[in-house]
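A short write-up of the structure that comes next.
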Amino acid sequence: MHTFLTIIFIIVSIVLTILVLMQEGKSAGLSGAISGVADTYWGKNKGRSMEGRLVKYTKILAVLFFILAILVKMF
């Protein structure tokens, strides 16, 4: 059981790292503050885009990472 959980933990860790690195930066800099990026079509529908899915999957994998970390420590 411990070996199986450890392997799953390592896989989740690698995938989580890749997802975090694939995401764009959250700060748009000075140009984003001036132009009002949030008012564009892209800004309003960001949750439905690839970036929105990456954020959702990152949150899910982060929760799974912490649960697996606890389970690996317990067994």
Side-chain angles (χ1 to χ4, degrees):
M1 183 71 169
H2 186 318
T3 306
F4 176 73
L5 285 175
T6 304
I7 291 170
I8 298 298
F9 183 68
I10 291 170
I11 292 170
V12 168
S13 302
I14 292 169
V15 173
L16 183 62
T17 303
I18 292 169
L19 283 177
V20 168
L21 291 174
M22 287 176 60
Q23 293 180 19
E24 296 176 7
K26 297 296 179 192
S27 64
L30 185 58
S31 63
I34 294 172
S35 65
V37 174
D39 294 334
T40 64
Y41 178 77
W42 176 256
K44 290 180 182 176
N45 293 311
K46 196 168 188 175
R48 297 182 194 158
S49 66
M50 181 66 165
E51 180 71 20
R53 282 181 285 196
L54 284 175
V55 170
K56 182 174 79 171
Y57 295 147
T58 302
K59 289 177 185 177
I60 292 169
L61 279 176
V63 170
L64 185 62
F65 176 84
F66 283 110
I67 291 171
L68 284 172
I70 293 169
L71 289 176
V72 166
K73 183 65 178 170
M74 288 175 60
F75 292 111

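Bear in mind the structure is a predicted one, so any value in this text is a computation, not a measurement.
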Side-chain heavy atoms nearer than 4.5 Å, only ILVMFWY residues, links allowed to pass through others: does that put V55 and M22 together? no
Acceptor/donor pairs from residues 6-16 side chains to any protein atom, 3.5 angstrom cut, sequence neighbours excluded:
residue, atom, partner, partner atom, Å
T6, OG1, H2, O, 2.7
T6, OG1, H2, ND1, 2.9
S13, OG, F9, O, 2.7

For residues 56-65, tabulate all N or O donor-acceptor pairs below 3.5 Å that involve a side-chain atom, not counting sequence neighbours.
residue, atom, partner, partner atom, Å
T58, OG1, Q23, NE2, 2.6
T58, OG1, L54, O, 2.6

